[in-house]
Amino acid sequence: MINYRMKMWDYNTGKPIYTKEHFTSMKKTYTPSSCLFLLVLIMILGFSFQALVTGILMLIDYINPQLLNSYNEMIDNAFFNSPNKYTLLRVVIVAPITEELAFRGIGLTLLSKFLTRTSSVLKNNSTNMRLIKVYLIPILLISLLFGLYHQNPVQQLYAFPMGFVLCSLTVLFTSIIPAIILHITINGAAYLIPAILFNTKEMTIISIIISLIIILLTIYLINNIAKCLRNCKQNA
């Protein structure tokens, strides 16, 4: 059975950092207000990410309409030509949950565990090198696999940074739940973002800039929340 929380391993000992007692103490730090604020930020991040990707693709379409023909045809066939409740359920709910369980829940956890134990054996490695092995390398590799999983080349270009954000969010909160919420929001936003944002090339450029600013701001705020929660746990 897959635990909804991702276990992280100490890069010195190779043992799990988070025990049952740790999860009990962490639950006390997640107040309803902090959870609600985090949920709102994650949803804003998801909508902004989808708006950024859509804006960039629309801008490319304005410049060279033929370049994205195969991609647009694939998206229309998969999402918009026959929009029914089953398609929406598959795209917005089933796909995000299964992909997060596979890539962040299983893949990232197992790879992090393996590299942690390897780093604990190699005592000559510096602390920075061990941190890179335990956190950065798994995030990059799983993000790359997530990008390759999306077979269309255009999808792969934005699936990699999306995977990086999802992996980072999972590591930051040691849980795949925030990543699942973000993934659901990104997929759902594809149906909800108003087309008026991309009616002209100028509007598209403005939408891209605003989306990028919002993304950076929400990432900064989410990271601060994670730091506050860790501090609360340590002081508990």
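All values below come from the heavy atoms of this structure, side chains included, with hydrogens, waters and symmetry mates left out. Note that this is a predicted model, so its numbers are computed, not measured.
- Inter-residue side-chain proximity for Ile184 and Ile180 is flagged as met; some heavy-atom pair is nearer than 4.5 Å.
- Put simply, the side chain of Ile208 reaches to within 4.5 Å of the side chain of Leu59, judged on heavy atoms.
- The shortest non-hydrogen separation linking Ser143 to Cys167 is OG-SG, 3.9 Å.
- Across all non-hydrogen atoms, the minimal contact from Ile214 to Ser48 is CG2-OG, 3.0 Å.
- Hydrophobic clustering (ILVMFWY, side-chain heavy atoms < 4.5 Å, transitive): Tyr149 and Leu182 are in one cluster.
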- Please test Phe47 against Leu192 for side chain to side chain contact (heavy atoms under 4.5 Å, CB included), starting from the C-alpha separation and ending with a verdict. CA-CA 9 Å; Phe47 272 91; Leu192 300 175; 3.8 Å; yes
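- Across all non-hydrogen atoms, the minimal contact from Thr170 to Arg104 is OG1-CG, 3.2 Å.
- The hydrophobic clustering, which links ILVMFWY residues whose side-chain heavy atoms are closer than 4.5 Å, places Ile44 and Ile219 apart.
- Rounded to the nearest 0.5 Å, atoms CG (Leu45) and CG (Leu38) are 10.5 Å apart.
- The shortest heavy-atom contact between Gln156 and Gly147 is CG-O, 2.9 Å.
- Relative orientation of the Phe146 and His150 rings is perpendicular, given thresholds of 30° and 60° on the angle between their planes.
- Judged by distance alone, the side chain of Gln50 and the main-chain N or O of Ala189 form no donor-acceptor pair under 3.5 Å.
- Distance CE/Met43 to OG1/Thr185: 5.0 Å, rounded to 0.5 Å.
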- Item | Residues Thr87, Tyr191; criterion side chain to side chain contact (heavy atoms under 4.5 Å, CB included); working and verdict | CA-CA 12 Å; Thr87 302; Tyr191 294 96; 4.1 Å; yes
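- Closest approach of Leu169 and Ala179 over heavy atoms only: CD2-N, 3.9 Å.
- Without hydrogens or angle criteria, Ser112 side chain to Thr109 main chain gives no donor-acceptor distance under 3.5 Å.
- Between the side chain of Thr98 and the backbone N or O of Ala95 there is at least one donor-acceptor pair closer than 3.5 Å.
- Annotation: Leu36, atom CG; neighbour count of heavy atoms from other residues, nucleotides and ligands within 6.0 Å is above 12.
- Heavy-atom neighbours of Phe164 CZ from other residues, nucleotides or ligands within 6.0 Å: at or below the threshold of 12.
- Few gaps surround OH on Tyr62; more than 12 heavy atoms of other groups in view lie less than 6.0 Å from it.
- In this structure, CG in Leu88 is found 11.0 Å from CG in Asn187, a value given to the nearest 0.5 Å.
- Within the 4.5 Å cutoff, the side chain of Leu52 has no heavy atoms near those of the Tyr158 side chain.
- Counting non-hydrogen atoms of neighbouring residues, nucleotides and ligands closer than 6.0 angstrom, the CD atom of Gln66 exceeds 12 such neighbours.
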- Item | Steps toward side chain to side chain contact (heavy atoms under 4.5 Å, CB included) verdict (Leu108, Val171) | CA-CA 9 Å; Leu108 186 62; Val171 170; 4.0 Å; yes
Would you be so kind as to tabulate the donor-acceptor pairs closer than 3.5 Å made by side chains of residues 197-206, with sequence neighbours excluded?
| unit_1 | atom_1 | unit_2 | atom_2 | d |
| --- | --- | --- | --- | --- |
| Thr200 | OG1 | Met203 | N | 3.1 |
| Thr204 | OG1 | Thr200 | O | 2.8 |

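- The line from CZ of Phe103 to CG of Leu145 is 6.5 Å long, rounded to the nearest 0.5 Å.
- Going from atom CG of Asn223 over to atom OG of Ser168 covers 10.0 Å, rounded to the nearest 0.5 Å.
- Residues Leu144 and Val165 share a single hydrophobic cluster, defined by chaining ILVMFWY side chains whose heavy atoms lie under 4.5 Å apart.
- Of all heavy-atom pairs between Ile181 and Ile42, the closest is CG2-CG2, 3.8 Å.
- Rounded to the nearest 0.5 Å, atoms CG (Leu140) and CZ (Phe160) are 5.5 Å apart.
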